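Below: the structure, in structure tokens.
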Protein chains: 2
Amino acid sequence: MASIKDVAASAGVSVATVSRVLNGHPSVSADARERVLAAVAALGYRPNAVARSLRTDQTHTLGLVISDVLNPYFTELARSVEEEARALGYSVIIGNADERPELQDHHVRNLLDRRIDGLLVSPTDGGSPLMLDAIRAGTPMVFVDRWIPGVDVPVVRADGRAAVRDLVAHLYGLGHRRLAIIAGPAATTTGSERVEAFRAALAEYGLPLPDAYIGQGDFQAESGRRVTEGFLDLPEPPDVVFAADNLMALGALDAVRARGLRVPDDLALAAFDDIPWFVHTDPPVTAIAQPTGELGRAAVRALVDRIEGRTPRSVTLPARLVVRRSCGEPPTPSPVQRSTT
Amino acid sequence: MASIKDVAASAGVSVATVSRVLNGHPSVSADARERVLAAVAALGYRPNAVARSLRTDQTHTLGLVISDVLNPYFTELARSVEEEARALGYSVIIGNADERPELQDHHVRNLLDRRIDGLLVSPTDGGSPLMLDAIRAGTPMVFVDRWIPGVDVPVVRADGRAAVRDLVAHLYGLGHRRLAIIAGPAATTTGSERVEAFRAALAEYGLPLPDAYIGQGDFQAESGRRVTEGFLDLPEPPDVVFAADNLMALGALDAVRARGLRVPDDLALAAFDDIPWFVHTDPPVTAIAQPTGELGRAAVRALVDRIEGRTPRSVTLPARLVVRRSCGEPPTPSPVQRSTT
DNA sequence: CCTCCTCGTGGAATCGATTACATCCCTGCG
DNA sequence: CGCAGGGATGTAATCGATTCCACGAGGAGG
């Protein structure tokens, strides 16, 4: 592969001049510029990004470590992150942690070794020593969706509290009184926050949230299935389960179906995170939708602000309830937004 | 960030010795090795992958350019690719082409500039000049899922012909005679092959495939919707539509639902690519399942073989029919595999 | 006891870019 | 006509690693 030296030789100039032409430096004669450009075209020369990065100490690359690529929510997030990054002149390397802290560390280490300019993380746990070190060392970082409490890193996320309150209102209106939740890992902020929001909303209606109605999941489908089976085996099973993410809702659906029971008649279901498939499941699933694309874009903007020396801001956007049929018919005629499809 | 020089200074040895220790070169005294390791630990030193790559001309990185990250099939593919690559000591940079040739070129160029060791591509079109040049220049490359005819690049893919035949047998057995297909872009191999396999299978039953029953889609949900509406507007609408990928099937479902019609009574539906959600849609969707994980792993192995100087092999694995309820009840009692859930 | 290897080690070149600094030439002004 | 200033260009240092080569010390064999 042709290098800058080959171009210089072919154009009859020095490498410095070639570099100047390529970087738009003003003081280059029209003649030299022309010859260089011709040589570049003739040789099909492309600058070696590796060499450039070594010299400039910039890779124009962002790292994105997400909890689970198979989760459509994170897929959409990754997509919007890449789009916005591309628009700002950055590439993105995605690391999939699969909800496993040691895999998350693997990716963080790998990305750091590659000298990415900044890191976007949706932490799988409360923060490994590695991650804490990276923050302390000043690695530009932004948390997205989930975060690690107690560290000074901007956070871009959705606030689901109002939507959870709307959901509980909706459920209460439909006559449900025994509400259960499939929680995410307590080590994640989204895992614990969603339970707290749910508990607070229930309290407003004087409803309890007994321990037996809090199932411990791990944001994966299998745990949703297991927890739901546990709920159904209870002497007094809940009327509704609220899954803290879409994959656990899928697992819950599996479990209900495997028992030959029906949603919402035997057990109602709602989920955090809305995805296109929820429109077409049997029945369509009532869910809390996050502004996923906007979160991804805002996260990139914050990170690039930090990288380029501006002051990044934390961003919190509201989530909203999308009522479908999985909690009972007909939906209460309320000001709450209805699904359009 | 500490460099190899800092380590050398702190250990009281030369950079050459540090490098030898780090790379497991044999001729280093136990004493020196110990001092170097201590210095590495004390400084928290991590080798700069950028510098190393410049010198060794290897990045230990694979590029993966896929057609659409939002398509669960490709997400699963990406995941298995990353897993296998990691197991073999490589990282993966994913580029999402969004079914747009110019975006595909953007990513190929970007990956080439970063001097990735090899490229895994699921081409969105018949091959841009850029891609053809890269192949000619000897870039290690492997096609996965889709490929470009006429070039000497190993292909890892699933053969769906037998499964399509099984599907047509199933449909015929249920009494369907007017079968239509939502095709993918003709410029992609999977786009045209699936139509051909469908046409061939229909011919075995003496059924025609009129042009009006071939809808041109682009593998995205919206096109599935549009094409399905066209079918429904026909003076003689089809009994069944077969969508060439899962997203167009989703669009078809949307279209049917928007008209207040029902699957399978008013229009039966089958899809190429099986995904977890198809179990829970209303009704569960009959689909052709590819061995996605195995495809991803085989593709990585082929590419790494090529990179490390061994001879890569093309791989073709069979797809299989998974019967559910979207084409009618009850499924014919046939030797064909039934969905277990 | 001398020579020859081998082992451990350091010095320095190298990968492909960017960029500070030096140089040269030309123009404009006093 | 001479000198200052600025534009165009080249030389060389630099980024952080790897690796070839040379060198010194020490052990083995004659």
Side-chain angles (χ1 to χ4, degrees), chain A residues 1-40 43-61 89 109-117 137, chain B residues 1-40 43-61 89 109-117 137:
Chain A
M1 185 150 273
S3 83
I4 195 171
K5 273 190 212 148
D6 304 316
V7 175
S10 152
V13 298
S14 72
V15 294
T17 300
V18 176
S19 177
R20 279 189 273 257
V21 169
L22 264 24
N23 293 291
H25 192 288
S27 97
V28 179
S29 67
D31 175 55
R33 163 169 294 113
E34 209 168 296
R35 293 216 312 281
V36 167
L37 260 16
V40 164
L43 295 172
Y45 168 75
R46 297 244 83 213
N48 183 327
V50 174
R52 184 200 301 253
S53 293
L54 177 61
R55 184 60 234 251
T56 61
D57 205 29
Q58 297 181 27
T59 50
H60 273 272
T61 303
R109 193 169 355 247
N110 181 27
L111 292 166
L112 257 21
D113 285 355
R114 300 180 113 77
R115 302 300 194 266
I116 42 113
D117 293 342
Chain B
M1 184 150 275
S3 83
I4 196 170
K5 273 192 213 147
D6 304 316
V7 175
S10 151
V13 298
S14 72
V15 293
T17 299
V18 176
S19 176
R20 280 189 272 258
V21 170
L22 263 24
N23 292 292
H25 192 287
S27 93
V28 179
S29 67
D31 176 55
R33 163 168 295 112
E34 209 167 298
R35 293 216 311 284
V36 167
L37 260 17
V40 164
L43 296 172
Y45 168 75
R46 297 243 84 211
N48 183 328
V50 173
R52 187 200 300 255
S53 292
L54 176 61
R55 185 60 233 254
T56 62
D57 205 30
Q58 298 179 25
T59 49
H60 273 272
T61 303
R109 195 174 349 253
N110 181 26
L111 292 165
L112 257 22
D113 285 355
R114 300 180 115 74
R115 301 302 193 264
I116 43 112
D117 293 342

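Here is the naming used below: chain letters follow the sequence lines, and residue numbers restart at 1 for every chain. Keep in mind that this is a model prediction, so the values were computed, not measured.
- When heavy atoms are screened at a 4.0 angstrom cut-off, B/N23 is found touching the sugar-phosphate backbone but no base atom.
- B/N23 and B/S19 share a side-chain donor-acceptor pair at under 3.5 Å.
- Closest to the A/V13 side chain, of the nucleotides D/dG10, C/dT19, C/dT14, is D/dG10.
- When heavy atoms are screened at a 4.0 angstrom cut-off, B/A32 is found touching the sugar-phosphate backbone but no base atom.
- Atom OH of A/Y45 and atom C1' of C/dA17 are 7 Å apart (whole Å).
- In A/Q58, the CD atom is crowded: over 12 heavy atoms of neighbouring residues, nucleotides or ligands sit closer than 6.0 Å.
- Across all strands shown, A/V50 has no heavy atoms under 4.0 Å from either base or sugar-phosphate atoms.
- Nearest nucleotide to the A/S27 side chain, out of C/dT19, D/dT9, D/dT19: D/dT9.
- What separates CD1 of B/I4 from C1' of D/dT19 is a distance of 11 Å, to the nearest Å.
- Between the CZ atom of A/R55 and the P atom of C/dA17 there is a distance of 13 Å, given to the nearest Å.
- Atom CG of B/D31 is separated from atom P of C/dG10 by 11 Å (rounded to the nearest Å).
- As rounded to whole Å, 18 Å separates atom P of D/dG16 from atom CZ of A/R52.
- Across every non-hydrogen atom of A/S10 and A/L43, the tightest pair is CB-CD1, 4.2 Å.
- The B/T56 side chain lies nearest to D/dT18 when the options are C/dG16, D/dT18, D/dG10.
- Considering only side-chain atoms of A/S29, the nucleotide from D/dA8, C/dA17, C/dG10 that sits closest is D/dA8.
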Any chance you could lay out the side chain to side chain contact (heavy atoms under 4.5 Å, CB included) test for B/V13 and B/R35, step after step, and finish with the verdict? CA-CA 9 Å; B/V13 298; B/R35 293 216 311 284; 3.6 Å; yes

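- Atom pair A/L54:CG and C/dT14:P shows a separation of 17 Å (rounding to whole Å applied).
- Between A/A30 and A/V15, the residue anchored closer to the 5' end of DNA chain D is A/A30, taking for each the nucleotide with the nearest heavy atom.
- At the phosphate of C/dC15, neither OP1 nor OP2 sits under 4.0 Å from any side-chain N or O atom of B/S53.
- Looking at B/L37, B/D6, B/V7, B/V28 one by one, the single match for side chain to side chain contact (heavy atoms under 4.5 Å, CB included) with B/V18 turns out to be B/V7.
- Candidate nucleotides C/dA17, D/dT9, C/dG10 were compared by shortest atom distance to the side chain of A/S3, and C/dA17 ranks first.
- Closest contact between the side chain of B/A51 and the listed nucleotides D/dG10, D/dT9, D/dG16 involves D/dG16.
- Taking atom CG on A/L43 and atom P on C/dA17, their separation rounds to 12 Å, with Å as the unit.
- Checking C/dT18, D/dG16, C/dG16 against every side-chain atom of A/N48, the shortest atom distance belongs to C/dG16.
- In this entry the distance linking CG of B/D57 with C1' of D/dG16 reads 16 Å, nearest Å.
- Residue B/T17 places at least one side-chain N or O closer than 4.0 Å to OP1 or OP2 of C/dG10.
- Residue B/T59 comes nearest to B/R115 through the heavy atom pair OG1-O, 2.9 Å, listed as atom of the first residue, atom of the second, then distance.
- One donor-acceptor pair, N or O on each side, does fall under 3.5 Å between the base of C/dG10 and the side chain of B/R20.
- When the side-chain nitrogen and oxygen atoms of A/S14 are compared with OP1 and OP2 of D/dT9, none of them lie within a distance under 4.0 Å.
- In this structure, of C/dA17, C/dT9, D/dC15, it is D/dC15 that holds the atom nearest to the side chain of B/K5.
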